[in-house]
Structures are given as structure tokens and as C-alpha cells.
Novice: 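Quick one: this structure, given as C-alpha cells, is what I'll be asking you about.
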Amino acid sequence: MQKKRFMITVDERLCKGCENCINQCPKKVLELSAKLKAYPARQEDCIGCLRCEYICPDFAITVTEIKGDSNEN
Amino acid sequence: MKTEIVLSYLRKDKLPHIWCPGCGHGIILGSMMRAVHKTGWKKDDIALVSGIGCSSRTPGYVDFNTLHTTHGRSLAFAAGIKFSNPRLNVISVMGDGDAVAIGGNHFIHAARRNLNITALVFNNYIYGMTGGQFSPTTPYKAIASTTPYGNIDKNFDIPSLAIGAGAGFVARSTAIHVPGLDDIIYQALNYDGFSVVEIISFCHVQYGKRNKLKTPLSMIDWLKSIALPIAAYEKLGEEQRRDKIPIGIFKNIPTEEYSQKYIKEIIDPNKSKDSILKDYCKAKLYDL
Amino acid sequence: MSFRYEIRLSGAGGQGLILIGKILAEAAAIFADLNATQSQSYGPESRGGASRSEVIISDEDIDYPKAGNVDFLLAMTQEAFDKYGEMTKNGGIVVYDMEMVHTPRQLEGVRVFPAQITELAIKEFSKPIVANMVALGIVINLSNILGIETVKEAIKSRVPKGTEEINLKAFDLGYEKGKELQGL
Amino acid sequence: MIKKMMHGNEACAYGAIIAGCRFFAGYPITPSSEIAEELAVLLPQVEGKFIQMEDEIASMAAILGASLNGIKSLTATSGPGFSLKQENIGYACQTEIPCVIVNVQRGGPSTGSPTMPSQEDFMQSRWGTHGDHFIVVLSPSSVQETFDLTVKSFNISEKYRTPVILLMDEIVGHMTEKMILPEPGEIEIIDRKKPSVKPEDFRPYENTEDGVPPMAAFGSGYRHHVTGLMHDETGFPTNNSEIIQKQKDRWKKKFDLARDTVVFTELTDAEDMEYLVFSYGSSARCTRKAVKIARENGLKVGSMKALTLWPFPGKELEKVSRGLKGIVVAEMNMGQAIREVERAVGKNVKVLGANRYDGESMHPDDILSVIEKF
């Protein structure tokens, strides 16, 4: 079975750098940038559990499944 | 994916919200919006009412008919809205002090009266906005700005209070038990009568910093360690239950909703009419 | 020449004095095309506390709605008699219920009529509750301020549905009693 | 035309329903309870809603909730309840929600004299809630006026988006007298103006020409935010001092423009008067009697009855005060309106108070004895 792949986007206007997402990610995908905003440092490790999305109090994170990848076709 | 749904119900130009970085309230707001989405209600048909406090800023961010009222009075305003226009879906958000201190009387009577209002109590154990004074839910011995030597007040158990006052749907969850919280709120919204969901939020800024839980992470870990499903909680002995909080649905029984009862039992078109009103008030002014 | 007639109905709460006050006022203002006001004072208890109902009847606008120069006093308790007896104007009428007022004082310049009111209501109707209607009949007869038919119209419009007959009968009985009191 | 005997509280209930009121929330309190009792009977007959709330604060909140749905709403109370309602009366002022609050006054402070008449809430009716605000207060002196002014209260509150206080007193509330109802078509009924723009262009606190922004009902498609915080034209909270001032200036403009349409007074025996008795509510009836007696005794006395207490009819009073030998302010309190009268007429006319505050209604002698003092 093909491993699902995900993309994490962080809306920097909304992110307050609280680190909730970073702390709750089981795969340690996210980190805090120099601008004190969360960013997906290891996006390829994301398993799409959505914990970051649920725990973000600021609606800054969106996790989307990457579809239509040429490898899968 | 989920964020898109949440944002579609928010007034995006009002974001970012005023809550502190990491605050549980934002997490609850997201959960609420996903639950509302699941009901399929139209934004125009929802009234979201609040009182005063951090949680009560919620309506400002939500694209419904929104009302930010006076301290403790959310449910009283909500009663007027729901009873006068039962077509509207009415949600009332409150903080702990808002709901059961200054608004305690409205809370118990709303539960007794049983208008179809969903009361969501964001309980962060503290008066956050005013600087960390203790509330009626602040745990025993906890430190607040007005309990510098530890709290000696007994605290309210909100679900017990709601059940005692007659609410038909009573549940508790926490800000960190998402997406389970989505489902509990959804069930509360769908309940035809007065429903209460106590949602344990967290305030690391005012409560946590005084009680050795000064980061969101430490508060989240603390909540994880104390919250457990009702069934698991009930298996514990009395000693073990101390410092634990049962979460889940405590009560969910069908009841007869107040405004429907009023329409059915009080507004009787066959009743003989006052002679003056017959002549002066022919027109029906609004739809029931 | 304008006239102003002041009636004070006083006794205890529960004796129905406010109701007969309203009937008097309605008879005057609606059925007799005069002007009338009815006002009251009462204690916080709905039964037993002092109750006072005042009716002003006039052929012109009633500015001051409180009784100041009482033409007619109905006293249904000893306390009412003691408190208001002497405040009745010279040439006025005082009727008191013999059942309730045992030590009537002498009142100068006033015609005083002791009447069986509650007793009559009990004897004739086994219902002390209609004593107020008996009293009303006496008031109408002695005061001669309103026509008997206008008062009956007002009684019919004010008393609870289904009780018209007994109330009218009690009123008639009171009216006859009034004649008797006047020695007619 | 219907002729009917009613007491003031009953007339208020009928006036409310005929004005279009379809929602009442209240809490029992003497001497206003008959208003609630009447409406509990009558409102369901016109498919309106009656609710007895858990307290006065909740009652006030509930009527505001209903009014936000576009439904004309009423609450009724007396002094102690009026004190409790002040919190949300302030909210109504801040958010400009139309509503009518009846206060059938009793003696105070605190529990005071529940069954006895007074006019001690004159100042509280204007300044009961905290903060700068405007409010309209009407006061009837008869059952007929109670009916008429109840209808007017609703009209004013709808037209100007403001709470209106109907300040009654126990005498008027409990007095039964004849009332004449005009034909249905002859009673003017005003409804609030609704937005005509598209929902996305709706500004709930827009600075309109008359200062009165259109009001959209909840559920009507014009989703908006209502808050007790100072807000901008869109209804959202602001700390911008420029915007705060603009909003408050609009309130002022609104009430300045409305002023002459909401101030009602009645002047009698004024042509040759040398003395004027100023009064309101049931004291005004007593004044009429006092004036008659004074005239019989050769004194040239006239009277002004204020049907509107706030905005205070100072302008009207000032106009007729020139050249007078004295003004008596007759009120059942220790002297509240008298300060406003003094302010209006200045130092040129001597102003004395005829005050009664023993729980009994004012007597013509109370006024006559003061006229003698000039």
C-alpha cells in the first residue's frame, strides 16, 4: 500500500508560536522558526494524524493530503 | 482540512483573536465550529451569546448573529432570544465565574426551565481577564491572586450542579480531548432542550503560573493526567478519585422543551379572546 | 353646580372592599356617565391586613383622587371604625358591620347606622364572602348617589362568571336592609 | 371607541399590546405586579410571549434578547427591581436596543414602603446606570395617560433605538378610572427602521443623518455583532478614542434631534399666572386641585405638568417662568426635580419645593401652604 503523504501549512499571520503543535506532534515534524512561528521542519514524517490542527488555538495550521503524485499513478 | 471548515465560520478579519498564545479557548472554538458544521445549521439561524470574560470574547470571532452581553447574563439574554424566536439555534458560551458565580442563578434556572439553549462553560479555574482571581471552580489549595495562601473555598462541580437543577443533557470534556469534544458539543447542539457542556480549558498565564504549570504544555500534560472517561473513573476507589476528573456524557434524557410547551399549552388559538385585543390586535406579528 | 361624593370602604383584606369600590366606580363612570376614580391602600398580607378602598364620584374631572372629605364611610372592622370614623365629614354617613364593630364611639354631626352585614350574608346565603355585596346594597340605598340598575350592570360586569346571581341577590338584600335602616 | 374602567397597571398592559409589544419578561414586585399578571393573560392571546424570569436582572436581559429579534419588549418593576435592572439598562443604552421599562415607584431606599406611593426615582430613572448615556423617561398622571404614554414609550423606543422608562407611581398604577380607547386606526404605531442595504454593506451603528442607525433582527440575514463594549460603526469593540468620541457624539446628536419630539408638557391657567406649580405623575392631579383652590382664593396660580421627565422640559419651563413671582415644585420626594427646575429658570425666579415623603399621597394643602410662603 502506498504511504500517504501530507503537506502542513502554517498561516504566519495567525500563528502565535505557542508550540502546542510542536509538543503534540507524535513524529516531531514541527519546529519553531527564528520568527517564533511554527513550521514543518520534517514534513515527510507527517502521518496526517491532525493533532497539530486540533490543538492549534489559532487556526494557523492546515494539514492536507498530497494527492495526484506521479509516483502513485 | 479541518481548519478550513473552522475558518469558514469565522470572521477572518477579526483574527488573530485576543487569547494568549497556547490558550485552550481557541482549541474549544475550533471544536465548536466543527460541531456546528456537522449540524448543517445556517449561519443566519444561529445566535451565539456570551457574558464577560476571556471565553466571552468568542462571539466576536464567529460569523453568526452574535451577542456579547454583561457579566453572568449570557443565559438570560439567550432565554429572551430563544423564547421569542424558537426558530433560532441558540448557543451560550460562558466562563466559570460567568456561569456559576455571577451568573449562577441564571444557570440553575435555565437548567430548570429547559429552553433549547446549549450552554458551553469554558472552565479554566480562574478569572483570567481580570488578573487571576479565584473562581467557584478553582481547586482546593490552588493559588490565585486572591488566594495567595491557597484556596479554602469548596469548588462547584458543574455537571452535578446542572443535573441537580434539572438539565437534560450534561457532559464534560476538555480542550485537549479533541476531536472527542467535537462530538460531545455536536450532541449537545442536537439536544432538544437545555444542554450543558463543561469544557475544561486551561489558563497557563493566570492559573498555571501560580500553580507550577506555567506553560501550555505543562497544563496539557496535567489535563491528560487528571481527565479520564466516566466509566474508568467510576471504577476507581474514593482515594484514587481524588484529583481526577471524569469526562463524558453524564446525562442525556429526552425532555419537553419550554418554548414548544408554551406554544402547545399556553398559546391556544381556540381560547376566548379579550374583547379589546380582538379589535385592536388582529395581525399576527411574527411566526412562531 | 358640580358635585363630588367621596366613599371610603374600609375594613380588612379579603372582605372584597376593593371589588365593590371598583363596581361603584364602574357604575358611575361607565353606566351613569359620571366620572369616578377608585383607589386603594392595603397591607402586605392579602388576608386580614387593613384594607381601604376609596371611590370618588363627580360630574367633572377628578383631579385629586384621594378622599379628603368623606361623605360615606363603610367600616367593616373595629380598626376601620376607630381610624376613619371621625374623619367623616359633617353631615356624612357612617355604616358599620355590627358583627365586626363592637365598641362604636359617638360621632358628632354624622348619621351612624349599625348594620348586620356579615351576619346577614351568613344567615341568608351561608357565604360570608358576599357580605361585600350586602354592604354595597346598603351603601347604594343610603347614599342615593347612583341608580340601582347602573350598579347592577356594574356588578354583572365585574364579578366572576357564574356568580352573578348570588351577588345580585346579596346586593338586593343589602338594598332592602338599607331601607330598613332608614326606617322606610 | 371603547370606554372601560381600568387601573393604571392594566392600562399599561393594554397600551403595550396595542403598541405592538409581543414579549414580556419580569419578576414580581409590588406595586407593579398587575402589569405582569395582565400580560400573562393577554400576551398568549396575540401569540406573544410572557416569561417570569428568575430575577430582575434576567428579566431585563431577556427583553433585550427578544428585542434583538425585532420583537417589541417590555418589563415592569418597582424601585428595588429598577435598581437591579440598571446594569442591563446601561447595556441597552450602549447597544441602542429599543425596549420599555416600567417602574411603578414605591418609597425607598431599599425595600422601603412597598405599598405606598412615592416619586423618589426621578433621578434614578435618568442616572441609574453608570456612564454617560441618554434615556427618555415619561410619567403619567392618570389611567388614560398611562395608556397613551405606554404607546408613546414604545414608539419613541422604536423610532430612536433607545430604552424608554415609563415612570409611574403607585397611585396611578392602582387607581381605577375611566379610559377611552381611540379607534384602532387612530393610534399611531411606530416600528424601528430596518436596513435597506445588502447584508454585506450593513453597518449596525452607522452615523446616519438622524443619528439613528437602522436595526436588523437576528435571523434576518444581517448577521452582526452586538457588544456592551464601546464599538465602532460595524459593532465591533474599539479602543480608538477618536471612534469612541464619534459614537458618543452620534448618541448626543440623536437625542438632540429627538428632543422636541419626545418632550411633552401641559400648561394650564397660564395666561395671567404669577405663580406656577410644576409637577408630574399623581402629584400633577393634586396640583390641579391646589390651583383651583388657590384661584378661588384670588391667587393667580398656573400649572405645568411634565409628561416627559427626561429629557427635562427645562426649555419649556424657562419660557413661561419669566416674570413669575415664584415656582412651586410639587413632588413626592425630598426634592429631586426641583434641582432641574432651578437649573432651568436660573436665579430670577424663586423656586420652592412642596414635598411629601411620608408614604401618603400629596395633598393640595401641601402645595397651598408653600404658595403662601412667597
Side-chain angles (χ1 to χ4, degrees), chain A residues 1-69 72, chain B residues 1-35 54-55 57-58 61-62 122 124 173-183 201-205 208 214-221 223-224:
Chain A
M1 200 176 82
Q2 198 70 38
K3 187 180 164 236
K4 282 184 181 175
R5 294 171 62 233
F6 298 91
M7 185 174 76
I8 300 170
T9 52
V10 178
D11 184 338
E12 292 201 353
R13 190 181 74 91
L14 297 180
C15 176
K16 293 175 183 162
C18 72
E19 302 184 43
N20 279 5
C21 54
I22 297 170
N23 292 322
Q24 298 307 315
C25 177
K27 294 290 176 187
K28 303 285 167 222
V29 170
L30 292 133
E31 280 184 18
L32 208 58
S33 73
K35 288 188 290 180
L36 299 179
K37 305 284 180 187
Y39 78 101
R42 287 166 291 278
Q43 187 147 270
E44 61 284 2
D45 291 349
C46 177
I47 54 170
C49 72
L50 303 185
R51 277 191 208 184
C52 56
E53 227 184 289
Y54 286 128
I55 207 76
C56 172
D58 294 287
F59 324 112
I61 298 186
T62 305
V63 181
T64 37
E65 196 180 337
I66 300 168
K67 283 183 179 160
D69 191 307
E72 289 173 35
Chain B
M1 279 154 59
K2 300 289 179 188
T3 298
E4 205 179 321
I5 294 169
V6 173
L7 287 172
S8 73
Y9 287 92
L10 300 185
R11 291 167 171 145
K12 289 185 273 294
D13 58 323
K14 302 297 169 197
L15 298 175
H17 50 60
I18 62 158
W19 297 318
C20 305
C23 176
H25 288 5
I27 307 171
I28 301 170
L29 173 56
S31 199
M32 269 174 72
M33 294 304 106
R34 291 188 297 270
C54 289
S55 62
R57 290 306 185 96
T58 305
Y61 305 113
V62 183
F122 294 18
N124 59 7
S173 188
T174 86
I176 64 161
H177 287 80
V178 277
L181 177 62
D182 300 16
D183 182 57
S201 187
F202 55 87
C203 177
H204 52 286
V205 176
K214 66 179 177 204
T215 62
L217 175 61
S218 58
M219 291 225 69
I220 289 170
D221 287 344
L223 275 180
K224 278 181 186 166

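Reminder, nothing fancy here: chain letters follow the sequence lines and each chain counts from 1. This one's a predicted model, so the numbers in the text were calculated from it and none came from an experiment.
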Novice: Could you check whether any side-chain N or O of A:R42 sits under 3.5 Å from a backbone N or O of A:K27, counting only pairs where one atom can act as donor and the other as acceptor?
Specialist: no
Novice: So for A:I55, is it side chain, backbone, both, or neither that comes closer than 4.5 Å to the heavy atoms of chain B?
Specialist: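 Both parts, heavy atoms under 4.5 Å.
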Novice: Applying side chain to side chain contact (heavy atoms under 4.5 Å, CB included), run through B:K12 and B:Y61 and close with a yes or a no.
Specialist: CA-CA 7 Å; B:K12 289 185 273 294; B:Y61 305 113; over 6 Å; no
Novice: Can you say whether A:D58 sits under 4.5 Å from chain B via the side chain, the backbone, both, or neither, judging by heavy atoms?
Specialist: both
Novice: Pick from B:I28, B:I220, B:D221: which one has the most heavy-atom pairs with chain A under 4.5 Å?
Specialist: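 Going by pairs under 4.5 Å, I would pick B:I220.
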Novice: If we ignore hydrogens and angles and just use 3.5 Å, is the side chain of A:E53 paired with the main-chain N or O of B:K2 as donor and acceptor?
Specialist: yes
Novice: Give, as side chain, backbone, both or neither, the part of B:L7 having an atom under 4.5 angstrom from any heavy atom of chain A.
Specialist: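 Side chain of B:L7 only, per the 4.5 Å heavy-atom cut-off to chain A.
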Novice: In terms of heavy-atom proximity below 4.5 Å to chain B, should A:I61 be classed as side chain, backbone, both, or neither?
Specialist: backbone
Novice: Is it true that B:H25 and B:S55 share a donor-acceptor pair across their side chains at a distance under 3.5 Å?
Specialist: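 No, B:H25 and B:S55 have no side-chain donor paired with an acceptor closer than 3.5 Å.
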Novice: Please flag which part of B:L181 lies under 4.5 Å from any non-hydrogen atom of chain A: side chain, backbone, both or neither.
Specialist: neither
Novice: For A:Q24, is it the side chain, the backbone, both or neither that has a heavy atom under 4.5 Å from a heavy atom of chain B?
Specialist: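 It is the side chain, since no backbone atom gets that close.
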Novice: Salt-bridge test for A:E44 and A:R5: reply yes if a basic N is under 4.0 Å from a carboxylate O, no otherwise.
Specialist: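 No, no charged N to carboxylate O under 4.0 Å.
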